[in-house]
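No experiment lies behind these values; they were computed from the predicted model shown. No hydrogens, no waters, no symmetry mates; every other heavy atom, side chains included, goes into these values.
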Amino acid sequence: MLSLKSKYRTHTCGELTEKNVGETVTLSGWVHRKRDHGSLLFVDLRDNYGITQCVFDGGDENLEKIHPESVIKITGTVVARDKEAINDKLPTGHIEIKSGKWEVLTNADVLPFQVFGDDDVPEDLRYQYRFLDLRREKLHKNILMRNKIIKWLRDQMWEMGFSEFQTPLLTADSPEGARCFLVPSRLHHGKFYALPQAPQMFKQLLQVSGFDRYFQIAPCFRDEDLRADRLLEFYQLDLEMSFVDLPDVQAVGEELLPKLIKTFVPDAIVSDEVPHISFDDAMLKYGCDKPDMRNPILISDVTEIFRGSDFGIFANAIENGAVVRAVPAPKSSDKPRSWFDKLGDYAVKELGLGGLGYIVFAEEAKGPVAKKLDEARIAKLHEIAGDNSSLFFICDEEEKAAKAAGKLRNKLGEDLGLINPKEFKFCWVDNFPFFERNEEDGSIQMTHNPFSYPIATLEELDTKDPLTIKAAQFDMVMNGIEICSGGLRNYNPEVMLKCFNIAGYDVENVKKNFAGLYTSFQYGAPPHGGCAFGIDRLVCEIVGEPAVREVVAFPANQRGQDLLMGSPNEVSEQQLRDVHIQVRKRG
RNA sequence: GGGGUGUUAGCUCAGCUGGUUUAGAGCGUCUGCCUGUCACGCAGAAGGUCGAGGGUUCGAGCCCCUUACAUCCCGCCA
């Protein structure tokens with residue numbers, strides 16, 4: 001390994017121990033903290049590798065005045081600390097540097113916020129001084145962890161026989177999905193490059209090119225509104241394989257993910273099995289397409305129990321096509337009235353429901369809904385809920401009811417403490433519908449990206465109701481977070497044209513929008529499939545950060561600005577002229 | 001584009017139902033003291049257009065309206 005020694009240091013700030021006692025050493029780093037006792041001065045010196053305490057016996061007037069975060073070089077002798085003075089919190093806590101000489105390398109001004117400690121600091125200040133923020137312990141650790149995870153993932157992919165590729169960042173706008181970032185072309189008047197939303201077509205072309213197994217730690221760009229878990233530019237572990245069926249692609253995820261968590265979260269309880277859940281089942285039982293499998297609550301459809309009952313609101317709605325979904329809350333029968341009222345508020349405010357009906361199954365069935373139902377119906381509901389539980393009812397049009405029930409399931413799981421944060425559970429969600437009906441104009445459109453393969457023969461595509469056709473497409477979900485999406489690709493030009501045809505596109509359109517890929521399919525394309533893992537989100541889960549910006553060194557803020565570099569910014573008139581652009585007036 | 005929450009010292013926050021003349025505390029900064037601290041301690045000082053603008057009121061940090069900014073969510077987006 002390359003030595004870390006230089007004219008600035010003989011050791012790092014994290015490596016000296018009792019073994020080094022008596023040695024004369026030189027350290028360089030940031031003044032983390034000073035403790036001034038008059039004629040005795042302690043300086044904690046920090047670098048990437050750790051913190052070492054330096055003592056100036058007799059004090060030092062000049063050093064006392066220096067600001068924290070100034071960079072200094074200290075030469076001194078390693079001495080063992082007295083027993084009482086040992087600091088077990090530091091790896092170097094058994095020794096200290098009895099200092100002779102020191103020298104300022106660079107001075108720091110008064111800081112806009114403290115590097116030491118874990119004070120809350122406003123986001124905009126943190127971004128404006130990201131280099132200071134990155135010195136702080138938590139963020140510094142997160143970034144180093146990300147570093148290790150990416151190296152580990154890359155090693156795993158190599159071991160599994162994948163080859164690593166780079167694909168263009170200046171490419172063409174692809175017609176589906178998110179908005180692209182555009183880059184004007186200087187050489188081609190009025191034309192634009194687009195930054196890739198993902199290297200989708202390139203990785204497929206690499207399959208057609210015969211490379212068999214592709215992977216890339218790929219930057220992806222999407223010009224959409226941001227969230228805590230979304231960035232303008234983010235990274236995916238992108239992979240693609242030839243001559244595979246769905247289970248072959250999924251095997252990569254099953255091999256990779258549980259092992260990843262076990263490697264980087266030592267106290268995690270990781271379940272190796274990755275159950276398959278169909279999209280329809282996920283929407284019914286979990287109320288979303290990314291169920292958190294740690295949550296034991298299962299949603300039931302109880303439409304038939306309420307049909308024709310005396311509970312008029314539901315019975316009438318059912319006649320008009322609504323469904324009723326029941327969400328059980330285990331061991332909640334002793335909750336006070338206020339708990340139920342709060343959930344009712346939540347349902348109205350957050351879920352947009354008219355209200356939240358419920359039955360409490362204590363000694364007897366209680367609650368306003370129970371009064372309206374006969375014994376037989378109550379017995380059936382009791383069976384679903386279990387003893388000492390309550391059952392919440394959501395009645396609405398199917399998709400809305402399912403989604404609201406899913407959100408309630410998540411909230412109950414959290415509120416009732418049913419989720420163990422140390423646990424990591426996975427599942428596959430598959431059998432997504434290939435087509436869906438456009439709510440606005442009633443037309444048939446593709447649900448997923450246009451590259452996925454239908455689970456249907458050409459003949460079935462011709463004869464079956466398109467809405468019943470499923471896609472060879474899957475998501476991998478970890479603890480309720482979608483961490484991977486993939487599937488088999490549509491490599492057969494005939495099938496591809498048929499699918500586009502059903503969605504209302506003609507041959508010319510396909511040839512135009514997918515020119516390169518479509519052409520390549522005319523010359524022998526292997527059956528292929530692949531997927532992509534969201535690296536930023538994975539790192540978040542591993543280090544326990546809810547926000548993806550906490551695991552990226554230089555993220556844009558929620559408005560897509562980089563306050564440190566000042567992007568996006570205006571450019572000169574000449575630069576605009578070079579790329580043949582005129583900025584329109586606002587409004 | 002829409003909704004929730006927030007904005008008081010460099011930073012974190014308190015400030016009751018609108019009414020102690022001078023808006024408080026901790027951290028940081030500055031000055032002084034301190035030989036065993038490691039969140040060092042002690043004494044003192046500086047530091048405020050209460051985001052901005054308008055309104056209600058005898059009186060507004062607090063109530064109302066407008067607006068800016070931040071953040072989280074919906075739409076959008078894998």
Notebook entry, point to check: At their closest point, which heavy atom of A:Thr167 faces which heavy atom of A:Pro199, and how far apart are they?
Noted result: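 Distance-wise, the nearest heavy atoms are OG1-CB, 3.5 Å.
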
Next item on the list: Write down the atom of A:Leu41, the atom of A:Asp60, and the distance for their closest heavy-atom approach.
Entry: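 Residues A:Leu41 and A:Asp60, closest heavy atoms: CD2-O, 4.3 Å.
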
Tell which nucleotide pairs with [N], taking only Watson-Crick or G-U wobble pairs whose two distances are both under 3.5 angstrom.
N	answer
B:A43	B:U31
B:U49	none
B:A23	none
B:A70	B:U5

Give [X] one of three labels, base, sugar-phosphate or nothing, depending on what nucleic acid heavy atoms sit under 4.0 Å from its own.
X	answer
A:Leu111	nothing
A:Glu123	sugar-phosphate
A:Phe113	nothing
A:Ala228	sugar-phosphate
A:Glu96	base
A:Asp225	base

According to a strict under-4.0 Å criterion, is [X] in side-chain N/O contact with OP1 or OP2 of [N]?
X	N	value
A:Lys89	B:A39	yes
A:Arg35	B:U37	no
A:Arg126	B:U12	no
A:Arg222	B:C76	no
A:His32	B:U37	no
A:Arg559	B:A70	yes
A:Gln197	B:A78	yes

Notebook entry, point to check: Given A:Leu563 and A:Tyr129, is the side chain to side chain contact (heavy atoms under 4.5 Å, CB included) satisfied, shown in steps?
Noted result: CA-CA 8 Å; A:Leu563 298 176; A:Tyr129 297 93; over 6 Å; no

A quick test of your reading: do over 12 heavy atoms of other residues, nucleotides or ligands sit less than 6.0 Å from [atom1] of [X]?
X	atom1	answer
A:Glu233	CD	no
A:Glu436	CD	yes
A:Lys425	NZ	yes
A:Lys73	NZ	yes

Of the listed nucleotides ([options]), which one gets closest to any side-chain atom of [X]?
X	options	result
A:Arg81	B:C27, B:C38, B:A78	B:C38
A:Gln114	B:C30, B:U37, B:G10	B:G10
A:Glu482	B:U29, B:A78, B:U71	B:A78
A:Pro122	B:U12, B:C77, B:C73	B:U12
A:Arg179	B:C38, B:U35, B:C76	B:C76
A:Asp120	B:A78, B:U12, B:G36	B:U12

[atom1] atom, [N] versus [M]: distance in rounded Å?
N	M	atom1	answer
B:C50	B:G44	P	28 Å
B:G2	B:U66	P	13 Å
B:U12	B:G28	C1'	11 Å
B:C27	B:U49	P	23 Å
B:A9	B:U71	C1'	22 Å
B:U35	B:G19	P	49 Å
B:A78	B:G6	C1'	31 Å
B:G26	B:U8	C1'	15 Å

Aromatic ring centroids of [X] and [Y] under 6.0 Å?
X	Y	value
A:Phe56	A:Phe42	no
A:Tyr453	A:Tyr491	yes
A:Phe514	A:Phe500	yes

So, does the side chain of [X] form a donor-acceptor pair with the base of [N] at under 3.5 Å?
X	N	value
A:Glu224	B:G75	no
A:Asp82	B:G36	no
A:Arg33	B:C40	no

Margin query: Could you tell me if A:Arg489 sits above the aromatic ring of A:Phe451, with its cationic atom closer than 6.0 Å to the ring centre and no more than 45 degrees from the axis?
Written below: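 Pair A:Arg489/A:Phe451 does not count as cation-pi.
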
Note to self: Quick test of your reading: applying side chain to side chain donor-acceptor pair (under 3.5 Å), list the pairs with at least one residue in residues 78-97 of chain A, sequence neighbours left out, ordered by first then second residue.
What the structure shows: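 Qualifying pairs, neighbours excluded: A:Gln53-A:Glu96.
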
How many Å lie between [atom1] on [X] and [atom2] on [N], as a whole number?
X	N	atom1	atom2	value
A:Glu137	B:A39	CD	P	12 Å
A:Asn557	B:U71	CG	C1'	11 Å
A:Arg549	B:U71	CZ	C1'	9 Å

Checklist line | Earlier contact from the 5' end, RNA chain B, for A:Ile86 and A:Tyr127 | finding: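 This one resolves to A:Ile86.
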
Margin query: Both A:Leu40 and A:Asp475 contact RNA chain B. Which one's nearest nucleotide lies toward the 5' end?
Written below: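 Result of the comparison: A:Leu40.
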
Notebook entry, point to check: Does B:U37 have A:His37 stacked on its base, where the ring centres are within less than 5.5 Å and the planes differ by under 30°?
Noted result: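 Taking the rule of under 5.5 Å and under 30°, the ring of A:His37 does not stack on B:U37.
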
Check: What does nucleotides 41-49 of chain B look like as a protein-contact string, B for base, S for sugar-phosphate only, - for none, at under 4.0 angstrom between heavy atoms?
Finding: ---------

Item checked: Matching residue for A:Phe234 among A:Asp536, A:Asp229, A:Ile535 - test: side-chain contact (heavy atoms from CB on, under 4.5 Å) ->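 Exactly one candidate clears the test, A:Asp536.
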
Mind listing the N/O atom pairs, protein and nucleotides 4-9 of chain B, below 3.5 Å?
none

